[in-house]
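Below is one structure, written out as structure tokens; the observations come after it.
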Amino acid sequence: MKTVLNVALPKGRLGEKVLAMFEKAGYPCPSIHESNRKLIFENEECGVRYFWVKPSDVAIYVERGAADIGVAGKDILLEYGPDVYELLDLDIGKCRMAVAAKNDFRDDPRRTLRVATKFSRIAADFYAKKGRDIDIIHLNGSIELAPILDLSDVIVDIVETGTTLKENDLSVVETVVPISARLIANKASYKFKGEAIAAIAENLKQQTEATT
Amino acid sequence: MTRESEVARTETRTVARLGALYRSYGYAQYKMSKFEEYELYVRNKDFLVSNQIITFTDNGRLMALKPDVTLSIIRNGEEAQKVYYNEHVYRVPKGGAGFREMLQVGLECMGEIDAFRTYEVLMLAAESLAVLAEDFVLDISHMGVVCAALDAAALSPAGRAAVLRAVADKSLQTVAAVCASEGVCAETAALLRALVTDCGAPADVLPRWRAALPEGEARRAVDELAATALALVERYGARIRIDFSVLNDMGYYNGIVFKGFVNGVPASVLSGGRYDTLMRKMGKRAGAIGFAVYMDELARLTDVPPVYDVDTVLLYDETADLAALRAAVEALVAEGVSVSAERAVPEKRTYRRLMRLVGEGVETIEDRA
């Protein structure tokens with residue numbers, strides 16, 4: 001029997017790009033392009049089964065073995081630290097995790113820095129390395145509002161083009177870490193479906209290298 | 001039989017089989033208290049899977065529900081001993097939220113650790129995996145080999161930590177990026193990349209490592225790894241693999257380290273290694289090697305037959321003769337099945353067989369067997 005690989009794809013624009021890469025790598029799945037409400041799409045011939053999940057959940061599906069492989073942003077991997085293999089930097093979905101603040105912000109080291117973010121762990125690690133005392137304000141969205149309403153001094157968030165920041169008189173203070181999409185694999189799946197996973201990883205790697 | 005009891009029975013059977021296996025190689029069972037002084041864990045918190053511990057005070061002493069077994073055995077046991085245990089530990093699983101009670105089975109060999117004892121402990125690890133499932137893999141690494149490759153690169157402390165993390169993640173590009181940013185020479189960078197890529201069958205992989213590493217401690221580490229791994233291959237074939245992504249904390253482990261996987265469980269179910277460094281930290285001179293089997297993940301492997309709350313539902317109505325009903329229930333119980341006598345079909349309980357009391361006898365209305 002052919003090994004079937006369960007692949008967790010992140011919903012959204014990034015996921016569409018990733019799917020295109022998988023299809024180009026020889027793992028197409030025509031049914032995934034049909035408009036219906038199905039949740040799982042399988043191509044038995046190629047031995048793949050795709051499903052769309054919320055981008056921040058991909059790592060959980062893979063860590064717990066519901067998916068053998070998946071594609072997740074480095075931001076999610078740093079924030080949640082899932083126990084998975086990070087096989088490949090796909091070099092897409094590129095952006096950066098950055099500290100941003102109002103244009104006139106000046107850090108006052110005598111005071112605790114108030115940091116609003118969705119990425120508490122990344123922010124805590126970043127400032128711990130600097131030995132800076134901070135107060136983390138965990139938000140789930142519209143992070144940019146926080147410094148404007150004086151809820152926080154700075155934010156730690158993903159910056160792609162910087163347009164939202166600019167339009168709200170905010171700017172990047174410093175980069176925390178560059179972010180891109182990564183191919184991740186469940187550790188046990190890698191032991192028992194290693195050849196199939198390595199074949200996909202190798203093909204995706206060639207595509208990545210061809211475009212850079 | 002309910003699902004819970006079936007899973008529990010399988011677990012009990014597995015624990016008994018593992019215990020018998022360890023006893024047949026001269027290991028004695030070690031029993032211990034559920035509590036330890038909290039101080040033991042504070043001093044060695046990096047050794048623990050999670051640093052969250054349940055604590056309470058007992059006559060002014062701060063106590064903990066034990067999150068780990070090895071530390072207790074080192075502290076309370078003999079300097080040289082061969083013991084196994086099956087104990088409950090209390091901790092927050094990796095990636096989980098909240099404490100769980102987990103059954104852990106394990107084995108510790110303390111004293112003079114020579115080539116045979118090392119082999120025997122790893123053989124028992126492989127044999128334990130075989131008890132759990134037919135299809136298993138034992139990944140083996142050696143901290144000495146990984147350290148030798150890292151030492152050759154002379155990285156900054158941050159770079160060294162980043163490469164270690166990347167090797168554990170199998171992230172080749174991160175290894176390459178750190179090497180580039182730290183100006184590591186091409187030859188050494190290739191050696192570090194090989195920690196990610198050059199894994200697999202011991203007979204293929206280890207000769208290359210022997211040739212790549214300098215004489216001395218590094219070479220001895222490869223030779224030790226080879227002696228153990230090749231002996232295991234004779235018995236277990238392709239199930240034994242070299243994989244340097246198996247990395248345990250360098251502050252505690254020093255020699256061979258290993259992790260076991262069984263097909264059908266998404267995380268490693270067995271983890272162990274040589275931990276002389278931890279012994280030194282705790283004031284013991286002897287060497288030590290051991291492993292733990294995490295039983296909590298194994299419930300997934302149990303094949304559970306369809307489950308019913310009760311085997312037979314026996315229906316009766318207000319006209320039923322009390323003596324006949326009593327006799328019918330007793331007769332079914334005597335057959336060894338569970339019976340629930342009901343006036344109407346119960347809505348929320350599942351059953352295998354539905355019967356009805358008719359006069360002095362019973363008739364079957366439905367049988368799902």
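Computed from a predicted structure; not experimentally measured. To find a chain, count down the sequence lines: A is the first, B the second, and so on, and within it residues start at 1.
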Item checked: For A/V84 against B/D169, the heavy-atom pair lying closest together -> O-OD1, 3.9 Å
Margin query: side-chain contact (heavy atoms from CB on, under 4.5 Å), that's the test. Do B/K170 and A/Y190 meet it? Break it down for me.
Written below: CA-CA 11 Å; B/K170 287 194 182 289; A/Y190 194 81; 3.6 Å; yes
Item checked: Neighbour count above 12 (heavy atom, 6.0 Å) for A/E195 CD -> no
Item checked: Structural part of A/Y85 lying under 4.5 Å from a heavy atom of chain B -> both
Next item on the list: Assess whether atom NZ of A/K205 is packed by more than 12 heavy atoms of other residues, nucleotides or ligands within 6.0 Å.
Entry: no
Item checked: Interatomic spacing from OG in B/S171 to CD1 in A/I184 - rounded to 0.5 Å -> 12.0 Å
Next item on the list: Verify the neighbour count for atom CZ of B/R165: are there more than 12 heavy atoms of other residues, nucleotides or ligands below 6.0 Å?
Entry: no
Notebook entry, point to check: Among all residues two or more places apart in sequence or in another chain, which pass the side chain to side chain contact (heavy atoms under 4.5 Å, CB included) test with A/A100?
Noted result: A/I155, A/L165
Check: Is A/E44 atom CD crowded by more than 12 heavy atoms from other residues, nucleotides or ligands, each under 6.0 Å away?
Finding: no
Note to self: Does any backbone or side-chain atom of A/D83 lie under 4.5 Å from a heavy atom of chain B? Answer side chain, backbone, both or neither.
What the structure shows: both
Note to self: Can you list the residues of residues 233-242 of chain B that sit under 4.5 Å from chain A, counting heavy atoms only?
What the structure shows: B/R241
Notebook entry, point to check: Tell me, side chain or backbone of B/A168 under 4.5 Å from chain A's heavy atoms, or both, or neither?
Noted result: backbone
Notebook entry, point to check: Who pairs with B/Q52 by side chain to side chain contact (heavy atoms under 4.5 Å, CB included), at least two apart in sequence or on another chain?
Noted result: B/S50, B/V92, B/F99
Checklist line | Close approach to chain A in residues 257-269 of chain B, criterion heavy atom under 4.5 Å | finding: B/F261, B/V262, B/N263, B/V265, B/P266, B/A267
Check: Is the number of heavy atoms from other residues, nucleotides or ligands under 6.0 Å of B/R17 CZ greater than 12?
Finding: no
Margin query: Within this structure, what is the CG-NZ distance for the pair B/D139 and A/K187, rounded to the nearest 0.5 Å?
Written below: 10.0 Å
Note to self: Using only atom types and a distance under 3.5 Å, with no angle test, would you say the side chain of B/Q173 pairs donor to acceptor with the backbone of A/D89?
What the structure shows: yes
Next item on the list: With a 4.5 angstrom heavy-atom cut-off, could you sort out which part of B/D135 is near chain A: side chain, backbone, both or neither?
Entry: both
